[in-house]
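One structure is given here, and the rest of the page talks about it.
For clarity, every value in this text was computed on a predicted model and none was experimentally measured. No hydrogens, no waters, no symmetry mates; every other heavy atom, side chains included, goes into these values.
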Amino acid sequence: MAMNEISVGILGIGTYVPDKVLTNKDLEKMVDTSDEWIVERTGIKQRYIADADTATSDLATKAAQRALENAGVTADEIDLIIVATATPDMLFPAVACLVQDNLKAAKAAAFDLAAGCTGFMYSMVTAAQFIKSGLYRKVLVIGAETLSKILNWQDRNTCVLFGDGAGAVVLGETKPGCGIIGVHLGADGAGGKFLSLPAGGSRIPASVESVTENLHFVHMNGTEVFKFATKVMGEAAVAALEDAGLTANDIDCLIPHQANIRIIQSASKRLKVPMDKVIANVDKYGNTSSASIPLALEEALQAGKIKNNDIVVLVGFGAGLTWASCVMKWCKEENTFA
């Protein structure tokens with residue numbers, strides 16, 4: 001990553017999940033599965049589910065409000081809002097525009113970014129470039145999902161995996177040498193068929209047939225996605241570390257996308273980073289897609305697992321297929337995360 005005199009880091013963070021908790025025991029009553037089967041294969045014990053009246057923009061707005069408060073920044077100071085999501089309220093307008101209106105952030109430009117579960121990482125890197133270029137000073141980045149709205153609750157291979165939630169960060173200039181110091185982005189469109197929502201776009205417009213054939217739900221080849229994830233997580237983290245001039249030995253805290261505990265453990269093993277330095281909360285939230293990394297980051301901060309000057313690595317993978325990683329040197333004048 002080409003560096004200039006502006007260092008960009010996280011000024012504040014906020015998260016939000018719905019009130020309703022859906023446990024594995026609840027799922028046993030809905031679909032042919034068991035708590036033991038889900039935990040053994042995924043590590044997930046529960047997930048949060050939005051109600052019928054709650055959309056992605058609602059979760060995103062609440063997370064954003066908390067991030068602004070945590071950063072001590074007003075909505076008027078935000079120059080740009082980027083929302084990473086695979087579950088927008090509607091095809092257009094963008095969720096980011098709805099959030100902009102909710103926040104009354106009248107000076108902010110706004111757009112959504114689609115990179116599946118990798119969306120938050122793509123958005124972080126994109127936002128940082130706007131700030132480093134000098135075009136904008138403060139950017140609000142949000143990862144928000146209501147995946148429960150696009151799940152086939154009769155398909156035990158997908159409905160047990162996902163949950164709803166949102167996480168937001170305010171990015172801005174930080175002390176020299178701090179904040180984001182290495183990045184890596186990647187994609188392999190040839191693997192797009194392994195994780196998709198087939199209908200609702202221009203290829204398969206909504207119709208009676210598309211609905212009856214369940215084409216408006218998540219379709220996933222779990223075996224292929226698992227193989228891809230276990231390979232790419234370690235490689236992506238190493239690439240970002242190399243960009244920062246560091247190695248895996250320098251990692252103080254690893255925050256992977258929370259999709260599956262076995263994938264997280266595989267990344268830990270490949271990087272030779274002990275699990276006590278790895279944040280894993282997939283048991284509580286399930287896979288919240290673009291919200292998973294900020295949810296895990298805030299939990300790490302609240303638990304005191306990240307200190308000033310620590311090297312923190314964020315790494316994720318998702319639909320596309322896509323992958324991304326980001327290395328940060330954590331610096332914040334006041335710890336207001338606890």
Side-chain angles (χ1 to χ4, degrees), residues 1 3-17 55-85 88-89 93-113 119-144 165-181 183 290-291 293-295 297-298 300-302 306 308 312 314 326 328-338:
M1 179 176 65
M3 300 295 287
N4 62 21
E5 68 278 5
I6 299 177
S7 296
V8 179
I10 292 175
L11 307 182
I13 186 169
T15 63
Y16 183 81
V17 294
T56 296
S57 65
D58 299 319
L59 304 184
T61 299
K62 290 179 179 178
Q65 289 168 335
R66 292 177 177 181
L68 291 171
E69 181 180 0
N70 184 249
V73 170
T74 67
D76 278 345
E77 296 178 77
I78 297 298
D79 301 303
L80 173 66
I81 300 170
I82 306 175
V83 174
T85 187
D89 293 31
V95 174
C97 291
L98 303 177
V99 172
Q100 185 229 35
D101 181 51
N102 290 341
L103 296 176
K104 305 306 177 190
K107 299 176 183 177
F111 64 85
D112 289 355
L113 190 151
F120 182 78
M121 301 302 303
Y122 265 62
S123 298
M124 281 262 294
V125 174
T126 300
Q129 305 317 303
F130 278 107
I131 298 168
K132 291 177 70 65
S133 73
L135 181 62
Y136 294 137
R137 296 189 62 212
K138 291 181 174 63
V139 180
L140 179 61
V141 174
I142 308 168
V169 295
V170 178
L171 290 185
E173 185 172 356
T174 188
K175 293 188 297 185
C178 289
I180 298 170
I181 58 174
V183 302
S290 63
I293 286 178
L295 280 167
L297 175 59
E298 186 180 55
L301 290 163
Q302 289 178 337
I306 297 174
N308 272 349
V312 180
L314 315 177
C326 171
M328 296 189 298
K329 183 175 182 181
W330 189 263
C331 298
K332 196 169 187 297
E333 294 296 333
E334 297 179 9
N335 180 15
T336 57
F337 294 108

All heavy atoms of Ile142 vs all of Ala64, minimum pair found to be CD1-CB, 3.8 Å
Please tell me if the side chains of Met328 and Met124 come closer than 4.5 Å, counting only heavy atoms from C-beta onward.
yes
Are Pro93 and Leu98 close enough that some pair of their side-chain heavy atoms sits under 4.5 Å apart?
yes
Ile78 CD1 to Leu103 CG distance, which is reported to the nearest 0.5 Å
8.5 Å
What one should report as the nearest heavy-atom pair of Ala84 and Phe120 is CB-N, 3.6 Å
Just so I know, are the side chains of Thr61 and Tyr16 near enough to count as touching, which here means a heavy-atom distance under 4.5 Å?
no
Are Ile10 and Leu171 close enough that some pair of their side-chain heavy atoms sits under 4.5 Å apart?
yes
Please name the pair of heavy atoms, one in Ser7 and one in Pro176, separated by the smallest distance, quoted to 0.1 Å.
OG-CA, 3.4 Å
Who pairs with Asp76 by salt bridge (Lys or Arg N to Asp or Glu O under 4.0 Å), at least two apart in sequence or on another chain?
none
Between Ala168 and Pro294, the two heavy atoms sitting closest are N-CB, 4.4 Å
If you take all heavy atoms of Ala110 and Cys97, which pair is closest and at what distance?
CB-N, 3.9 Å
Determine, step by step, whether Thr74 and Leu68 satisfy the side chain to side chain contact (heavy atoms under 4.5 Å, CB included) criterion, reporting the C-alpha distance in whole Å, the side-chain angles of both residues, the deciding distance to 0.1 Å, and the verdict.
CA-CA 6 Å; Thr74 67; Leu68 291 171; over 6 Å; no
For a 4.5 angstrom cut-off between non-hydrogen side-chain atoms, does Asp58 reach Asp89?
no
